[in-house]
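For reference, the structure discussed in these notes is given below.
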Amino acid sequence: MIACERETEVKVLTFAHNLPTSHPVHKGVEAFKTHLETLSGGKMSINIYANGNLGTEREVLELLQIGSVSMTKVSASAMSNFVPEYLVLGIPYLFRDKEHFFSVLEGKIGEKLLEKGEYVWLRGLCFYDAGSRSFYTKKKPVKKPSDLEGLKIRVMGDRISVSLVQSLGAAPTPMAFGELYTALQQGVVDGAENNAPSFVTSMHFEVCKYYCLDEHNYLPDVVLIGTKTLEKLTSQEQKWVFEAAKLSAQQQKKFWEEAEIESMEILKASGVEFFFPNKDLFRAKTEFFKTDFFKDEKRLKIIEEIEQSK
Ligand code: GCU
């Protein structure tokens with residue numbers, strides 16, 4: 001678990017994340033490794049630990065802070081508990097479409113967010129596409145917000161995810177992603193919400209047969225390096241890391257697109273029923289997030305900037 005395993009020959013960085021190796025985000029991380037090896041002419045490499053083997057998103061972020069894991073990829077949700085500005089990205093129906101999403105994240109706003117974590121020893125390298133999140137349930141379908149009333153829905157542990165589910169009438173249950181399959185199976189929760197590739201690769205679709213495509217938010221994943229690790233690299237090595245990450249993000253977009261299509265096919269073939277609800281009903285109940293949820297000027301300004309961005 002040390003950051004640089006062989007100082008003299010190849011500098012090997014550890015990369016830990018919580019998704020399965022069949023996931024398009026993992027494929028992005030593999031592309032990152034290939035680019036780093038190519039750019040550095042074999043002087044640098046990455047050891048990838050998937051499946052949450054080194055801990056939950058929160059735990060791995062803490063390992064980055066102390067320098068015992070070099071890099072990770074977490075949901076912006078997990079990052080928001082370390083850098084509050086990230087919370088803005090979870091606002092329901094904030095991004096108009098994928099084009100808007102990428103122009104914000106690949107532009108100044110995204111770059112500023114990536115830099116923001118430095119004061120908590122977490123430097124962002126790039127964003128990965130994590131699609132839009134929608135509800136899936138076990139016992140009964142959700143076709144409109146009122147169908148969520150009384151249901152226990154697993155959420156990620158950030159304030160927006162919790163309040164979002166509350167505002168739709170359900171009971172939010174924060175829990176790590178790795179614990180969710182068993183929780184669904186045992187009826188600890190009645191459902192969850194996620195993008196299609198995560199719904200599929202986690203095998204949650206074996207338990208939940210209803211998918212309500214309300215697409216309540218586009219929450220990106222963030223690739224990060226601990227500043228403790230970064231400081232130990234030469235400026236040339238740092239450049240390779242930044243460049244390889246950016247290149248992998250471009251490739252990951254394609255992996256994502258393919259995985260989304262493939263996942264929907266797998267879900268269909270497995271008997272999962274899809275519902276395409278009237279999103280305006282969900283939008284109406286969550287509109288207040290843009291205007292009334294945050295009280296601080298800083299975050300209200302980011303929301304304004306995102307909304308005004310082309
Ligand atoms: C997505 C995201 C993960 C996150 C997961 C979750 O799959 O990519 O980083 O852990 O959602 O719901 O917890």
Side-chain angles (χ1 to χ4, degrees), residues 15-30 32 48-62 64 69 71-83 86-87 89-90 92 101 105 122 124-137 152-162 164-165 170 172-184 188-189 191-205 207-208 211 214-224 248-249 252-253 255-257 259-260 262-263 266-267:
F15 192 118
H17 70 84
N18 70 341
L19 294 170
T21 52
S22 53
H23 198 285
V25 161
H26 179 81
K27 293 190 181 133
V29 181
E30 281 177 334
F32 183 9
I48 310 171
Y49 298 84
N51 288 312
N53 285 343
L54 296 191
T56 62
E57 294 196 324
R58 184 183 179 90
E59 286 162 354
V60 171
L61 284 170
E62 286 168 357
L64 251 70
V69 167
M71 297 189 285
T72 190
K73 156 339 284 165
V74 296
S75 170
S77 156
M79 254 318 264
S80 73
N81 291 322
F82 292 75
V83 180
Y86 274 86
L87 203 53
L89 300 176
F101 172 79
L105 295 180
L122 299 166
L125 295 171
C126 65
F127 290 97
Y128 277 177
D129 195 358
S132 57
R133 299 179 71 96
S134 292
F135 292 105
Y136 47 84
T137 43
K152 268 200 215 145
I153 301 291
R154 177 271 172 175
V155 290
M156 296 191 283
D158 68 277
R159 283 208 298 130
I160 288 217
S161 298
V162 169
L164 166 67
V165 161
T173 308
M175 183 185 296
F177 191 54
E179 291 166 22
L180 183 51
Y181 187 97
T182 315
L184 285 165
V188 175
V189 287
E193 45 82 63
N194 220 317
N195 53 62
S198 298
F199 185 19
V200 169
T201 56
S202 61
M203 310 303 278
H204 295 164
F205 69 95
V207 187
C208 296
Y211 199 20
D214 64 304
E215 304 189 301
H216 45 261
N217 57 12
Y218 274 104
L219 199 56
D221 279 351
V222 200
V223 178
L224 299 129
S248 76
Q252 193 268 341
K253 281 186 198 175
F255 298 144
W256 188 267
E257 268 175 36
E260 259 185 347
E262 202 191 325
S263 306
I266 295 173
L267 292 174

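Whatever order the structure lists ligands and atoms in, that order sets their numbers, starting from 1. Every heavy atom of this structure was used, including side-chain atoms; hydrogens, water molecules and symmetry mates were not. Note that the coordinates shown come from a computational prediction; the quantities given were computed from them, not determined experimentally.
Here is the list of ligand 1 atoms found below 4.0 Å of a heavy atom in Leu19: 7 (O), 8 (O). Of all atoms in ligand 1, numbered sequentially from 1 with element shown, those under 4.0 Å from a heavy atom of Ser75 are 9 (O). Residue Asp221 approaches ligand 1 through these ligand atoms, each under 4.0 Å from one of its heavy atoms: 2 (C), 8 (O), 9 (O). Near Glu57, meaning under 4.0 Å from one of its heavy atoms, ligand 1 places the atoms 3 (C), 4 (C), 9 (O), 10 (O). Those atoms of ligand 1 with a heavy atom of Ser198 less than 4.0 angstrom away are 1 (C), 7 (O). Near Arg133, meaning under 4.0 Å from any of its heavy atoms, are these atoms of ligand 1: 1 (C), 6 (C), 11 (O), 12 (O).
The shortest N or O to N or O distance between Lys73 and ligand 1 is below 3.5 Å. Considering both main-chain and side-chain atoms, Glu193 never comes within under 3.5 Å of ligand 1 through any nitrogen or oxygen pair.
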query = Does the salt bridge (charged side-chain N to carboxylate O under 4.0 Å, His left out) test come out yes or no for Glu62 and Arg58, once each step is laid out?
reply = CA-CA 6 Å; Glu62 286 168 357; Arg58 184 183 179 90; 3.2 Å; yes
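With sequence neighbours left out, Tyr136 forms a side chain to side chain donor-acceptor pair (under 3.5 Å) with His204.
The protein non-hydrogen atom at the shortest distance from atom 5 (C) of ligand 1 is Asn194 ND2, 3.8 Å. When hydrogens are left out, the protein atom nearest atom 10 (O) of ligand 1 is Asn18 ND2, 2.9 Å; that is the closest non-hydrogen contact.
Considering every non-hydrogen atom in both Leu64 and Leu224, the closest pair reads CD2-O, 3.8 Å.
With a 4.0 Å cut-off on non-hydrogen atoms, Arg154 touches ligand 1 through its side chain and not its backbone.
Between the Asp158 side chain and the Ile160 main chain, a donor and an acceptor come within less than 3.5 Å of each other. The closest donor-acceptor contact from the side chain of Asn217 to the backbone of Gly90 lies under 3.5 Å.
Between Phe199 and Phe205, the two ring planes are perpendicular [angle over 60°; tilted spans 30° to 60°].
Of the candidates Glu193, His23, Arg133, His23 is the only one forming a side-chain hydrogen bond (donor to acceptor under 3.5 Å, both in side chains) with Ser198.
Between the side chains of Gln252 and Trp256, no donor-acceptor pair is found at a separation under 3.5 Å.
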